[in-house]
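Values reported hereafter were calculated over all heavy atoms of this structure, with side chains retained and with hydrogens, waters and symmetry mates removed. Naming convention: chains lettered A, B, ... in sequence-line order (proteins, then strands); numbering from 1 in each chain.
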Amino acid sequence: MTTPVRVRFAPSPTGKLHIGGARTALFNWAYARRHGGQFLLRIEDTDPERSTKEFEVAILDGLRWLGIDWDEGPDVGGPCGPYRQSEKYPQYRAVARQLVASGHAYYCFCSEERLEQVREQQGARKERQVYDRHCAALSSADAAARVAAGESAVVRFRVPPGETVCVDHIRGDVRFAHEEVDDWVMVRSDGSPTYNFCVVCDDVDMRITHVFRGEEHLVNTPKQVLLYRALAKTPPEFGHLPLMLGTDGKKLSKRTGDTALQDYRDNGYPPAAVLNFLCLQGWALDDRTAIFSIDQLVANFDIADVQKAGAVFDIDKFKWMAGEYLRKETPQQLAEHCAPFVVAAKLATPADLAARWAWFVEVVKTEQPRISIYGELPSRVAYLFQPDEAVAWEAEALEAVRKHPGAVQTLRAYRAWLEPRIANGVDAAALRGAAKGWAQEQGIKLPAFFQPLRLALCGVVHGADLFDVIALLGPRAVLARLEHAAQRLAG
RNA sequence: GGUCCCAUCGUCUAGCCCGGCCUAGGACACCAGGUUUUCAUCCUGGCGACAGGGGUUCAAAUCCCCUUGGGAUCACCA
C-alpha cells in the first residue's frame, strides 16, 4: 500500500438524500474501511438557488441513521477544509486566475444569445452542439482589458487536442477523444465556480485518491482529468457505479416510487435492512448469501466486483429483506422501534405505552411474523386501542359473519362458557386447546365459530391468533366486546 | 443525432478477468403442496436466463468482431 486511500461522498444539498446517493456513500465508505483509508464528506453547495441548510442537515442525519460515519466533513472538520464549497470561493478564484495566466483557461465574452444561436445553427446542421471557441483566440491582453473594463465574462477551460484515458476500476479504462470535449465553463459570469471546476479543486485539496460515483458522471470525467493535468496534479482513479433504475428501466425517479432515503425511514424500514439491500444493488457477497452484515461487507468489498449494468430497484425484495431484519429483533427491540409509529398514528401517547410497556411488547410479539416494516404495525393493532363498544368493523369481516345464521347465539354461548374461565386471568394456550372441543360439543363448524369471534374482538377478517388476542385484550374487554358484538349483530 | 456505457431467469445476482468443474447456482416475485382458527411466518416442490449472428478453440455464458436492444450525457445544474 503506497498512499493511503482517501475517498469522499459529495452530495449537493438541493434535495433529500437520494437512495442512489446513499448507495454511493456506502460503497465509498466500505472501500475506505476495507483499505484502512479515510472517508470524507463534502457539501457541494455551489448552486445558491437550490441549496439549503435544511437539506444539508437532513443528508448528514440520513447517513448517520444508516450507520455511515466520516473521518472529515463539514461538521467534524479536518485538515483539508473547508468541507463546504460555498466557503471556498476565494480559493477557486485563485486557481481560475492561475489557469488563465498559464493559458489553460480563457475569458469568454459570448452572450447567452450568441451561444444559443450557435447551438441552433449546429443543431440545424446536425453537428455536435459545443462551444465554437469564438473567444479562445482572443489575446490575453485584450481579454484582460475587457475584464478590467467591467465587461461580463465567464472563464472557460481550453481543451487541448489529443485524447484522454480515464482509469475506471469498474469499467476498465475509458477513452475520450478531445474533439468531443467541450471548452466548458469553469467560472460563471457572476464569479461563482461550476461543479466540474470545484470538484477537481476540492479533490486535489483533500488529496482524494479514488472517486466512486454514479455512472451519470462518466462523461464528465475527461473534463476533470484534463483539469488535473493543467494543474500538474495526478488524477484520482475512478469507479462509475451502475445506475439504480426504476421499473421502467430509466434512472430512478419519483415517477416510479420513493427515491429519498427519508421515505424509507419514515415508512419504518430497519436501517440495517436498507444498508443490506443497497449493497445488493450492484454488489454481491457470494453466490448464495443475500442477508449479510455491514462487517461482512467491509471485510469483502472490492470496487472491481461491482456490477457494470444498471440495477432495477425492486421494492418487493426490499420489503422482504426488511421483514427478515425485523423478525430477527427481540420483541423488546421491535417494540421500541414500533412505538414511534404507534404514537404517530395517534393510537396511544408515549406515556400510555410506557405505562403498559410489557403489554405493548406482547402486542408486538404477536404481530412480528406478520409485518415487514415498523410502519405496518399501527393499522394492524388499531383494534386493541379502540373502545370496546366502538370497534371498527371491516365490511369484509361482517359479510363473512352474515353467512353464519347462528353467529349471535354462538357469541353469547361462548361468552357464557368463557366468563368463568377467564375470571382469574387468561391462559391463551388452555383456551386454544379447549376451543375446538367446545365448538364440536356445540355442533358448530370452526369457521362459524372463529369468524364471528374475530369480528367481535378485532373487527377484521385477518389477524393474530385469536387466543393471543384474548390474552392481549384481557377478560373485561373480551366479555364486553362479545356482548356488544352480539347486540350489534342481533339489532 | 454525436459521444460514452451496458447486455445471465420477470427482478437482484453468482459464474466472465485466469475458456473445460455450468445439462448455468442462490434470492425476491410467481405457481403448487404441507403446517394452521384466518392472515402471516415456517417447510417442501415447481416455473424460469447466457439478446442474435459470426469468428478463435479439441472446448465459449466466459476471448474477439458485427448486429440488435437498453441506458447515460450533451447548461453560466450538480
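- Among the heavy atoms of the strands, none lies under 4.0 Å from C458(A).
- Residue S192(A) is out of contact with every strand shown, counting any heavy-atom pair closer than 4.0 Å.
- G249(A) comes within contact range of the sugar-phosphate backbone alone, with a heavy-atom separation under 4.0 Å but no base atom that close.
- At a threshold of 4.0 angstrom between heavy atoms, the contacts of R171(A) are confined to the sugar-phosphate backbone, with no base atom among them.
- Straight-line distance from the CG atom of D314(A) to the P atom of C30(B): 11 Å, rounded to whole Å.
- A distance of about 23 Å separates the P atoms of C17(B) and C12(B), rounded to the whole Å.
- Within 4.0 Å of Q451(A), counting heavy atoms only, lies no atom of the nucleic acid at all.
- Spacing of P atoms, C9(B) relative to U62(B), comes out at 14 Å, to the nearest Å.
- No engagement by F277(A) is indicated, since no non-hydrogen atom pair under 4.0 Å with the nucleic acid exists.
- Residue contacts for H217(A): at a heavy-atom cut-off of 4.0 Å it reaches a base atom on one of the strands shown.
- Looking at heavy-atom distances under 4.0 Å, V312(A) makes contact with sugar-phosphate atoms alone, never a base.
- Projected onto RNA chain B by closest heavy-atom contact, D286(A) and I170(A) fall at different nucleotides, the more 5' of which corresponds to I170(A).
- Residue contacts shown for S12(A) are limited to sugar-phosphate atoms, with no base heavy atom under 4.0 Å away.
- Residue A400(A) is out of contact with every strand shown, counting any heavy-atom pair closer than 4.0 Å.
- If you check every strand for non-hydrogen atoms under 4.0 Å, E179(A) touches nothing.
- Between the CZ atom of R119(A) and the P atom of G1(B) there is a distance of 21 Å, given to the nearest Å.
- Pairing for U73(B) goes to G2(B), judged as Watson-Crick or G-U wobble with the two contacts each under 3.5 Å.
- Residue contacts for L280(A): at a heavy-atom cut-off of 4.0 Å it reaches the sugar-phosphate backbone alone, with no base atom in range.
- Here R288(A) lies in heavy-atom contact (under 4.0 Å) with sugar-phosphate atoms only.
- Residue contacts for K319(A): at a heavy-atom cut-off of 4.0 Å it reaches no nucleic acid atom on any strand shown.
- With respect to D205(A) and K88(A), a salt bridge is recorded, a charged nitrogen being found less than 4.0 Å from a carboxylate O.
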